[in-house]
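Have a look at the structure below before the remarks.
When reading the values below, keep in mind they use all heavy atoms of this one structure, side chains included, and skip hydrogens, waters and symmetry mates.
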Amino acid sequence: MTSSIELLYLIIFTGILAVAYSYLLSGQILASSAGNEKMREIAGAIQIGAKAYLNRQYKTIAIVGLIVLIIVTYFFNILVGIGYFIGAALSGIAGYVGMLISVQANVRTAEASRKSLQSGLTIAFKSGAITGLLVAGLALLSIAIYYLILVNLNSESRDIINALVALGFGASLISIFARLGGGIFTKGADVGADLVGKVEAGIPEDDPRNPAVIADNVGDNVGDCAGMAADLFETYAVTIVATMVLASIFFPDISNMMVYPLAIGGSCIITSIIGTWFVRLGNSKNIMNALYKGFIATAVLSLLILYPLTNATLGLNENYSYSNITFSGFDLYICSVIGLVITGLIIWITEYYTGTNFRPVKSVAKSSTTGHGTNVIQGLAISMEATAVPALIIVVGIISTYNFAGLFGIAIAVTSMLALTGMVVALDAYGPVTDNAGGIAEMSKLPKNVRKTTDALDAVGNTTKAVTKGYAIGSAGLGALVLFAAYTEDIKYYSMDKTSSLYQMEVSFDLSNPYVVIGLLIGGLLPYLFGSMGMQAVGRAGGAVVVEVRRQFKKIPGIMKGKRKPDYGRLVDLLTKAAIKEMITPSLLPVLSPIVLYIIILLIAGKVAALAALGAMLLGVIVTGLFVAISMTAGGGAWDNAKKYIEDGNFGGKGSEAHKAAVTGDTVGDPYKDTAGPAVNPMIKITNIVALLLLSIIAH
């Protein structure tokens, strides 16, 4: 078997390879044509708006982040503080760089679409691949390099674990701000632009006469690109760290077991790079199939490479045991295969509920023919129905992997799911690029055939964004389950440590304990409360946009005749201020809730009851959070594509009564799928990570 140090150097090499390949692709994109002067002018306005928003957002986040850094360093030590800083900084960088590439690629995708569908697809997908591989590469590098440094410093085992958990905490904190703030911005713009532009003024979605149109395009980049990049960076990092925590508890003397999850991530970076070469249009010119070729190639190659990797790292025939569970290296390989299968199934079922070719979206579109109310009713019904099959897939995954290798088997399955992050984020980041490309084509008055090409690319982008959100949520739910397992195993570990304040303390999660029930209920309400805050924030921001767009239509009468330009900058600035103001309170909810609950129960019933309530709270957050997030993202995607299905000429087409009803449904679905739903993902994990760090403080 290969030594853990040798493996770490190979893993670091794969992370560097991901970053280098991203740099190569970015050079190819920037070398392509950015179109005519009008296209460059519009793209420039989007770039300026996106940079202005993220710069202001990151300054706000930095203030909160610095305060948290001081607190973490005070309660632990400088190594833990550095871990937190690394996670926060690289999560922010992944999102920011992804946004920079996205706003450069949108205009180039529009220009490439003049040539052919394949040319437009190539530019859009390459830009997505840059973001995807940067996310996976930077996340892997951050954990592998810092772990190597900590080992070389001969740090204590618990110090290493705390430092890595803090790294995940830093990534999660940035992620929740980026996800929520970006979501509020993008959906505030989208809702306002649709309600006044489409419904009241009767003008197309990307019509340059709409004052909110630039803000809408800016929002695509700061929400769907930067937000998703930060989101999956933290999911990737947190899952690997949680698996390493379990490895350190179950196998304290087997260093290769700690490195194995990192090795899975490194090998799948190689397969993701190879997978990007398979994205090609066939004779059918089916864009979704072209993108799926890349994903399927990556998944199949990962199945193949994980076999020799497991043999080299752990030995396929070697037996391992913990807590009366015995398994072999081959059993762990099977668990990783199950993780890849779960990924494919969740992506497939999410496409079914959000794709225009299937029953759910068609049913929402048909319901629009009888009015706004029936559209909303059917959309809500589909959003609830969409939770059933993913939950069953996850249940089967948990049962099967647990039977092979216990809790550690579940952790390895989730790690292999997240190992495909590079390719999955590529599919997601493709979406905002094609959306913006269509907007630029419309505003630049490019020929109709160009807009037809960008519309075809964008229609698929809508589905890929929904699919990747489903993937992110499914993996986040399982990842949080691994974090919960780490919490319960940590309690057992500290109860046997004579130097710990929890020595010989028995914490039970028996449902007959009222404090466990209290924890479950409090945890269960958090995703609903958090989702409500996000939805209301979008409502307020969207309302402000509606008022401003109406004002400009009234005060600048030449807008509708195309004689005067709207004040685009005013809308961007308005939304920037609103999004940053609105994101603070809900983002702090999952950070403070575990601490507040623990302190209150501690004062009422003591430490044992408080730890039991805290653990139950984590489980409550995971269960309801998973359903809330899946319901919102799938339902929102169905509403959005139902509108697009009607716009394609079905049920009366654009301007019909059915279309107006579908716009209403899409307006409800926008904050569902792009703000509240996706933001529940980091919210679930940050609650669990705060609990893990809090437990470590309590135990010493």
Side-chain angles (χ1 to χ4, degrees), residues 26 30 34 38-65 88-89 91-108 127 131 174-193 206 208 210-230 429 432-433 435-437 439-440 443 537-538 540-542 544-545 547-549 551-552 565-584 587 674-675:
S26 64
L30 294 175
K38 181 66 175 175
M39 293 168 68
R40 292 196 299 272
E41 178 189 339
I42 295 165
I46 296 169
Q47 290 163 20
I48 291 167
K51 287 179 185 177
Y53 170 76
L54 280 188
N55 287 342
R56 196 180 297 184
Q57 183 193 53
Y58 279 15
K59 284 177 185 175
T60 305
I61 295 172
I63 295 169
V64 178
S91 178
I93 288 170
Y96 197 89
V97 174
M99 179 277 296
L100 289 178
I101 293 299
S102 177
V103 296
Q104 292 288 341
N106 52 19
V107 67
R108 289 167 170 81
S127 69
T131 304
I174 299 304
S175 168
I176 198 166
F177 279 116
R179 221 1 163 170
L180 195 59
I184 293 167
F185 185 107
T186 184
K187 291 305 110 179
D190 205 353
V191 166
D206 294 305
N210 192 330
V213 73
I214 294 294
D216 191 7
N217 283 295
V218 168
D220 291 332
N221 296 288
V222 299
D224 282 325
C225 190
M228 175 57 91
V433 171
D435 195 350
N436 273 202
I440 291 169
M443 289 182 276
V538 172
R540 287 190 290 269
V545 171
V547 170
E548 175 58 24
V549 172
R551 186 196 70 80
Q552 290 198 29
K565 273 188 177 183
D567 188 351
Y568 301 122
R570 187 180 177 94
L571 264 299
V572 173
D573 190 57
L574 180 153
L575 277 165
T576 298
K577 291 175 181 175
I580 290 171
K581 177 186 174 185
E582 296 279 6
M583 73 181 183
I584 301 294
S587 294
D674 287 326
T675 307

Exercise. Taking all non-hydrogen atoms of both residues into account, name the closest pair between Gln57 and Gly182 and its distance.
Key: NE2-N, 3.8 Å
Quiz item: Which pair of heavy atoms, one from Val433 and one from Ser102, lies closest together, and at what distance?
Solution: CG2-OG, 3.6 Å
Quiz item: Tell me the salt bridge (Lys or Arg N to Asp or Glu O under 4.0 Å) pairs involving residues 43-59, sequence neighbours left out?
Solution: Arg56-Asp573
Self-check item: Heavy-atom pair of closest approach, residues Ile184 and Ala579
Solution: CG2-CA, 3.8 Å
Exercise. Give, for atom OG of Ser127 and atom CD of Gln104, the distance between the pair rounded to the nearest 0.5 Å.
Key: 11.0 Å
Practice problem: Could you list the residues that satisfy ring-ring contact (aromatic ring centres under 6.0 Å, His included) with Phe177, not counting sequence neighbours? | Solution: none
Self-check item: Spacing of CG belonging to Leu180 relative to OG belonging to Ser587, to within rounding of 0.5 Å
Solution: 4.5 Å
Exercise. Determine the minimum heavy-atom distance between Met99 and Ala50, stating which atoms define it.
Key: SD-CB, 3.6 Å
Exercise. Answer whether the closest heavy-atom distance between the side chains of Ile584 and Thr60 falls below 4.5 Å.
Key: yes
Practice problem: Report the residues that fulfil side chain to side chain donor-acceptor pair (under 3.5 Å) with Gln47, sequence neighbours left out, ordered by chain and then residue number. | Solution: none
Practice problem: Taking all heavy atoms of Ala43 and all of Val107, pick out the closest pair and write down the distance. | Solution: CB-CB, 3.6 Å
Practice problem: Quick one: pull up OH in Tyr58 and CD1 in Ile63 and give me the separation to the nearest 0.5 Å. | Solution: 15.0 Å
Quiz prompt | Sub-4.5 Å side-chain heavy-atom contact between Asp435 and Asn106 | solution = no
Exercise. Report yes if some heavy atom in the side chain of Gln552 is under 4.5 Å from a heavy atom in the side chain of Arg570; otherwise report no.
Key: yes
Quiz prompt | Contacts of type side-chain contact (heavy atoms from CB on, under 4.5 Å), residue Ala215, not counting sequence neighbours | solution = Ala189, Leu571, Val572, Leu575
Exercise. Rounded to the nearest 0.5 Å, what's the gap from CD1 on Ile46 to CD1 on Ile440? Could you check?
Key: 4.0 Å
Quiz prompt | Residues that Arg540 engages under salt bridge (charged side-chain N to carboxylate O under 4.0 Å, His left out), provided they are two or more places apart | solution = Glu582
Quiz item: Should Ile61 and Met583 be marked as a side chain to side chain contact (heavy atoms under 4.5 Å, CB included) after you check the CA-CA gap, both sets of side-chain angles, and the distance that decides it?
Solution: CA-CA 10 Å; Ile61 295 172; Met583 73 181 183; 4.1 Å; yes
Quiz item: Could you walk me through whether Phe185 and Ile580 pass the side chain to side chain contact (heavy atoms under 4.5 Å, CB included) check?
Solution: CA-CA 9 Å; Phe185 185 107; Ile580 290 171; over 6 Å; no
Quiz item: At their closest point, which heavy atom of Ala178 faces which heavy atom of Ala230, and how far apart are they?
Solution: CB-CB, 4.0 Å
Practice problem: Hey, could you give me the NZ/OG1 distance between Lys187 and Thr675, rounded to the nearest 0.5 Å? | Solution: 7.0 Å
Exercise. Please list, chain by chain and in numerical order, all residues satisfying side-chain contact (heavy atoms from CB on, under 4.5 Å) with Ala88, sequence neighbours excluded.
Key: Ile174
